[in-house]
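Written below as structure tokens is the structure these notes are about.
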Amino acid sequence: DPSDLRISRDVALSLNKRGDAYVEAKRYREAIADYRQARDIIASQWKADPKQREYERDFALSSHRLGIALFESGDVVAAIPMFDQQLTIMRRRWSAAPDKAWSKRDLAVALQDRLDAPAAPAQACAWRLEFVQMMRGLKDLGSASANDLQELQKGEAALRSCPAAG
């Protein structure tokens, strides 16, 4: 029943998980189809209940997944708007809860995704600085994993190649 938001969300999440399996198998066409279908379902839910913050996050994560599949399939041009949507949503969520570890992590992941795609050097440096700031914030909160700390080190090293950054 498409009107049952809980069941629709479960279907969308299942499509995303199947899409993840397709990406692992490098079956990008199938992954992209599943991710698009999941994203459409989530967009409908979010439109029906725009105050439900989980739909907003689900949409951002579906954009993330679709962007990854498009990028990996070689369609970088189509991936960029997906990463941009993810980044916009995660930045808005961080602005609403800047002291929360989850908001810092979500924004850091979105920034990292966007940095994987082509961008003007000045923009890439601005995103890299923001990424490092989010990761330092996680570290300061005591919420950084070992992987986060490695990514922070990589980000700091990459940031040194940016003019007047740090």
Side-chain angles (χ1 to χ4, degrees), residues 9 12-13 15-28 31-32 34-35 38-39 42 46 52-166:
R9 184 171 188 257
L13 296 177
L15 286 164
N16 275 334
K17 286 182 183 196
R18 188 170 71 180
D20 293 346
Y22 284 141
V23 167
E24 278 291 313
K26 298 188 183 333
R27 294 173 55 184
Y28 300 115
I32 290 165
D34 277 0
Y35 290 151
R39 196 165 165 272
I42 292 165
W46 190 21
Q52 175 51 264
R53 300 294 303 235
E54 280 309 300
Y55 295 151
E56 179 182 45
R57 186 172 190 273
D58 288 348
F59 186 81
L61 294 176
S62 285
S63 296
H64 159 82
R65 285 179 157 108
L66 182 54
I68 295 291
L70 289 163
F71 188 87
E72 293 294 321
S73 75
D75 195 350
V76 176
V77 171
I80 290 172
M82 299 300 107
F83 294 143
D84 288 344
Q85 284 181 340
Q86 172 196 11
L87 183 56
T88 297
I89 291 167
M90 294 312 191
R91 186 173 281 123
R92 181 172 52 241
R93 289 173 57 84
W94 172 80
S95 293
D99 297 329
K100 300 293 185 183
W102 59 263
S103 70
K104 292 177 188 302
R105 184 175 314 285
D106 282 352
L107 180 53
V109 168
L111 288 160
Q112 199 168 33
D113 286 345
R114 190 55 186 88
L115 282 163
D116 287 340
Q123 181 62 67
C125 285
W127 286 330
R128 192 163 282 119
L129 176 60
E130 192 176 3
F131 170 78
V132 166
Q133 290 169 338
M134 291 300 116
M135 297 306 283
R136 286 177 181 161
L138 281 174
K139 182 180 175 185
D140 292 347
L141 288 172
S143 297
S145 67
N147 185 60
D148 291 337
L149 296 174
Q150 288 176 338
E151 292 301 320
L152 173 57
Q153 287 180 339
K154 289 179 195 175
E156 288 173 334
L159 190 57
R160 287 193 277 280
S161 68
C162 292

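For the numbers below, each heavy atom of this structure counts, side chains included, while hydrogens, waters and symmetry mates do not. Because the structure is a prediction, the values reported are computed rather than measured.
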> Do D99 and L141 pass the side-chain contact (heavy atoms from CB on, under 4.5 Å) test, and can you show the C-alpha distance, the side-chain angles, and the key distance before you say yes or no?
Replying inline: CA-CA 9 Å; D99 297 329; L141 288 172; 6.0 Å; no

>> I need the minimum non-hydrogen distance between V23 and A31, along with the two atoms involved.
In response: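 Heavy-atom minimum between the residues: CG2-CB, 3.6 Å.
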
>> Strictly by salt bridge (Lys or Arg N to Asp or Glu O under 4.0 Å), give each pair with a member in residues 142-154 just once, sequence neighbours left out.
In response: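 Found R105-D148, E151-K154.
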
Do [X] and [Y] have side chains that approach each other closer than 4.5 Å (heavy atoms only, starting at C-beta)?
X: P118; Y: I80; result: yes
X: E156; Y: M135; result: no
X: L107; Y: R93; result: no
X: M90; Y: R57; result: yes
X: I89; Y: F59; result: yes
X: R9; Y: I42; result: no
X: I68; Y: F83; result: yes
X: Q133; Y: L129; result: yes

> Is it true that R92 and E56 have a side-chain N and a carboxylate O under 4.0 angstrom from each other?
Replying inline: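 Salt bridge present between R92 and E56.
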
>> One pair to check against side-chain contact (heavy atoms from CB on, under 4.5 Å): L15 and Y35. What are the steps and the verdict?
In response: CA-CA 7 Å; L15 286 164; Y35 290 151; over 6 Å; no

Do [X] side-chain atoms and [Y] backbone N/O form a donor-acceptor pair below 3.5 Å?
X: K104; Y: P98; result: yes
X: S62; Y: A38; result: no
X: Y22; Y: Y28; result: no
X: R27; Y: G19; result: no

>> Can you tell me which residue among R65, R39, H64, R114 is in a side-chain contact (heavy atoms from CB on, under 4.5 Å) with M82?
In response: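 Running side-chain contact (heavy atoms from CB on, under 4.5 Å) over R65, R39, H64, R114 with M82 returns exactly one hit, R39.
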
